Amino acid sequence: MKVRLGWSVAIIIFMGASMAMAQEKVMSKGEVLFSAGGCGNCHTDVESKGPFLAGGRKLETPFGAFYAPNITKDKKHGIGNWSDADFIQAVRKGVAPDGSHYFPVFPYPAFTDMTDSDLKAIKDYIFTLPAVAKANKPHGVSFPFNIRFGQFFWKLLYFSEGPYKADPKKSKEWNRGAYLSRAVVHCGECHTPRSILGGIKNDYWYAGTPEGEGPEGEGAPNITPHIDNGIGKWSLEEIVTYLESGEDPTGDYAGSLMAEVIENGTAKLSPADRKAIAVYLKTLKPLP
Ligand code: HEC
Ligand code: HEC
């Protein structure tokens with residue numbers, strides 16, 4: 001009896017371990033990038049427990065409320081009919097298959113820096129998920145900001161097309177961190193203040209956004225290495241820990257949108273990738 005119990009415990013432990021291993025394995029490159037890019041966070045109506053990626057999340061901006069569309073592989077309501085080239089054009093250039101321009105509330109100005117192969121991996125992952133037949137909700141944005149053609153001029157002012165070009169003077173690790181921060185996790189979309197027209201102010205890169213002007217009408221703190229206003233006192237390890245578990249050096253946990261960015265995103269990156277982001281953050285210009 002004792003022996004048999006021992007065996008079944010061993011088998012359960014073995015099954016548990018191999019299941020955990022299998023789970024690690026199913027996280028394909030596409031799924032990791034998709035998670036880190038927060039695609040699921042915006043394209044799912046989390047508040048009303050809507051179906052995954054079927055759209056509907058309300059995004060408050062100074063120009064009105066936008067609703068992220070359905071990006072499941074549903075052929076009628078989602079992107080099921082899109083080719084790889086359509087998908088890459090949408091995310092790299094902010095241009096829809098019909099030639100119209102997207103609003104930058106879709107963070108394509110950051111995602112533009114992703115490589116073709118990473119974008120293709122994300123699309124392949126999205127196409128492994130179920131199709132959901134759910135119609136899109138029109139944006140609640142008024143004239144003149146609702147004119148898609150206006151986005152053409154916006155792009156001339158604020159948009160520079162990717163992909164990211166590695167800086168040969170910097171290390172491989174730094175370039176990986178820069179790529180992940182700028183292109184994939186798009187820290188700057190929340191942590192950098194914007195002009196009246198909603199363009200990122202590059203002179204204030206990662207210097208924080210005031211309450212009411214940041215993502216979804218909230219603010220986001222300064223994450224430059226400034227000692228008093230930023231995270232200059234955080235060690236490299238402390239930044240890595242925060243991006244993994246959300247615990248900051250005082251023992252508090254990340255709240256609001258950052259909790260989502262960590263839990264669904266940076267927590268799923270490899271330890272080496274989290275360290276690369278921290279290495280990149282440490283080299284930024286400290287801004288008050
Ligand atoms: C901050 C919220 C946000 C995040 C994060 C986000 N999106 Fe979107 N996305 C939007 C919004 C809003 C639109 C609609 C833009 C418009 O109507 O001009 C959109 C549009 C799109 C479209 C065009 C859909 C269509 O029907 O034309 C695609 C494709 C897309 N997103 C893919 C992605 C992918 C892939 C990711 C992750 C790498 C992602 N999005 C992350 C908000 C977001
Ligand atoms: C969707 C918006 C959003 C994105 C994207 C985002 N953040 Fe944040 N971040 C926030 C918000 C909001 C807070 C404040 C969280 C809180 O109140 O606990 C925050 C807090 C932080 C903090 C804590 C600062 C402090 O002083 O406590 C750090 C560090 C941080 N973010 C780093 C990053 C990095 C690095 C990235 C990209 C890899 C990133 N964030 C991407 C919104 C965002």
Side-chain angles (χ1 to χ4, degrees), residues 30 33-44 53 55-59 61 65-72 74 77-82 86-91 94-98 100-108 110-111 114 118-119 121-123 125-126 136 138-139 141 146 148 151 177 180-192 206 208-209 211 214-216 218-224 226 229-234 238-243 246 248-250 252-262 264-266 269 273-274 276-278 280-281 284:
L33 292 164
F34 169 94
S35 306
C39 320
N41 297 345
C42 278
H43 285 278
T44 307
L53 234 48
R57 181 173 186 156
K58 186 177 182 184
L59 298 157
T61 73
F66 290 87
Y67 296 91
N70 182 336
I71 57 163
T72 69
D74 186 76
H77 302 286
I79 59 169
N81 284 324
W82 288 28
D86 288 338
F87 186 82
I88 291 172
Q89 171 179 282
V91 188
V95 174
D98 70 4
S100 60
H101 296 275
Y102 291 120
F103 297 103
V105 51
F106 166 27
Y108 75 82
F111 297 148
M114 277 197 257
D118 282 359
L119 290 174
I122 291 177
K123 175 172 182 273
Y125 172 68
I126 291 175
N136 288 331
H139 298 315
V141 180
N146 58 347
R148 283 193 185 273
Q151 297 309 309
L180 288 166
S181 312
R182 305 175 76 102
V184 186
V185 197
H186 59 275
C187 322
E189 293 285 315
C190 293
H191 285 282
T192 306
Y206 290 15
T209 43
E211 199 59 44
E216 296 187 20
E218 295 183 38
N222 182 332
I223 56 166
T224 71
H226 193 275
N229 305 125
I231 56 169
K233 290 187 186 124
W234 296 31
E238 283 168 340
I239 300 175
V240 174
T241 301
Y242 184 78
L243 294 175
D248 76 15
T250 67
D252 275 348
Y253 279 87
S256 72
L257 290 168
M258 193 62 202
E260 217 174 38
V261 169
I262 295 169
N264 301 340
T266 53
L269 292 172
D273 278 348
R274 276 189 293 271
I277 294 178
Y280 169 70
L281 287 185
L284 293 175

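Note that the structure is predicted; figures quoted are calculated from it, not measured. As the structure lists them, so they are numbered: ligands from 1, and atoms in each ligand from 1.
- Under 4.0 angstrom from ligand 1, there are no non-hydrogen atoms of Asn41.
- Judged purely by atom type and a 3.5 angstrom limit, His186 uses its side chain to pair as donor or acceptor with the backbone of Val184.
- Using a distance-only test at 3.5 Å, with no hydrogens or angles considered, a donor-acceptor pair links the side chain of Thr44 to the main chain of Leu53.
- For the pair Arg148 and ligand 1, a heavy-atom separation below 4.0 Å is found.
- Atoms of ligand 1 found under 4.0 Å from any heavy atom of Phe87, numbered from 1 in the order shown, are 35 (C).
- Within ligand 1, the atoms closer than 4.0 Å to a non-hydrogen atom of Leu59 are 2 (C), 12 (C), numbered from 1 in the order shown.
- Side-chain atoms of Thr209 come within 3.5 Å of backbone N or O of Cys190 as a donor-acceptor pair.
- Remark: minimum distance from atom 28 (C) of ligand 2 to any protein heavy atom is reached at Tyr242 CE2, 3.3 Å.
- Distance alone, capped at 3.5 Å, is enough to place a donor-acceptor pair between the His43 side chain and the Pro69 backbone.
- Atoms of ligand 2 found under 4.0 Å from any heavy atom of Val185, numbered from 1 in the order shown, are 5 (C), 37 (C), 38 (C).
- Neither the backbone nor the side chain of Asp252 comes within contact range of ligand 2; no heavy atom lies under 4.0 Å.
- For the pair Gly38 and ligand 2, no heavy-atom separation below 4.0 Å is found.
- Atoms of ligand 2 found under 4.0 Å from any heavy atom of Ser256, numbered from 1 in the order shown, are 12 (C).
- Inside a sphere of radius 2.8 Å centred on atom 8 (Fe) of ligand 2, the protein N/O/S atoms present are His191 NE2, Met258 SD.
- Each of the following atoms of ligand 2 lies closer than 4.0 Å to a heavy atom of Gly219: 12 (C).
- Within ligand 2, the atoms closer than 4.0 Å to a non-hydrogen atom of Leu281 are 35 (C), numbered from 1 in the order shown.
- With respect to atom 26 (O) of ligand 2, the closest heavy atom belonging to the protein is Ile231 CG2, 3.9 Å.
- Counting only distance, with no hydrogens or angles, the side chain of His226 and the backbone of Ile231 share no donor-acceptor pair below 3.5 Å.
- Here Phe34 has no heavy atoms under 4.0 Å from ligand 1, in either its backbone or its side chain.
- Taking a cut-off of under 4.0 Å to the non-hydrogen atoms of Tyr102, the atoms of ligand 1 that pass are 15 (C), 16 (C), 18 (O), 23 (C), 24 (C), 25 (C), 27 (O).
- Looking at atom 17 (O) of ligand 1, its nearest protein heavy atom turns out to be His139 NE2, 2.7 Å.
- Between Tyr67 and His139, a ring centre-to-centre spacing not shorter than 6.0 Å is recorded.
- Nearest protein heavy-atom neighbour of atom 18 (O) of ligand 2: Gly255 N, 2.7 Å.
- Counting only heavy atoms of the protein, atom 27 (O) of ligand 2 lies nearest to Trp234 CZ2, 3.8 Å.
- By the 30° and 60° cut-offs, the orientation of the rings of Phe66 relative to Phe103 is tilted.
- Looking only at protein N/O/S atoms, the ones less than 2.8 Å from atom 8 (Fe) of ligand 1 make 1 in total.
- Within the structure, ligand 1 lacks Glu189 among the residues with a heavy atom less than 4.0 angstrom away.
- In summary, Arg57 and Glu260 engage in a salt bridge, as defined by a charged side-chain N under 4.0 Å from a carboxylate O.
- The nearest non-hydrogen atom to atom 41 (C) of ligand 1, considering only Phe111, Trp82, Phe103, comes from Phe111.
- The aromatic ring centres of Tyr102 and Tyr108 sit 6.0 Å or more apart.
- Residue contacts with ligand 1 for Arg57 are absent, since no atom lies close enough (heavy atoms, distance under 4.0 Å).
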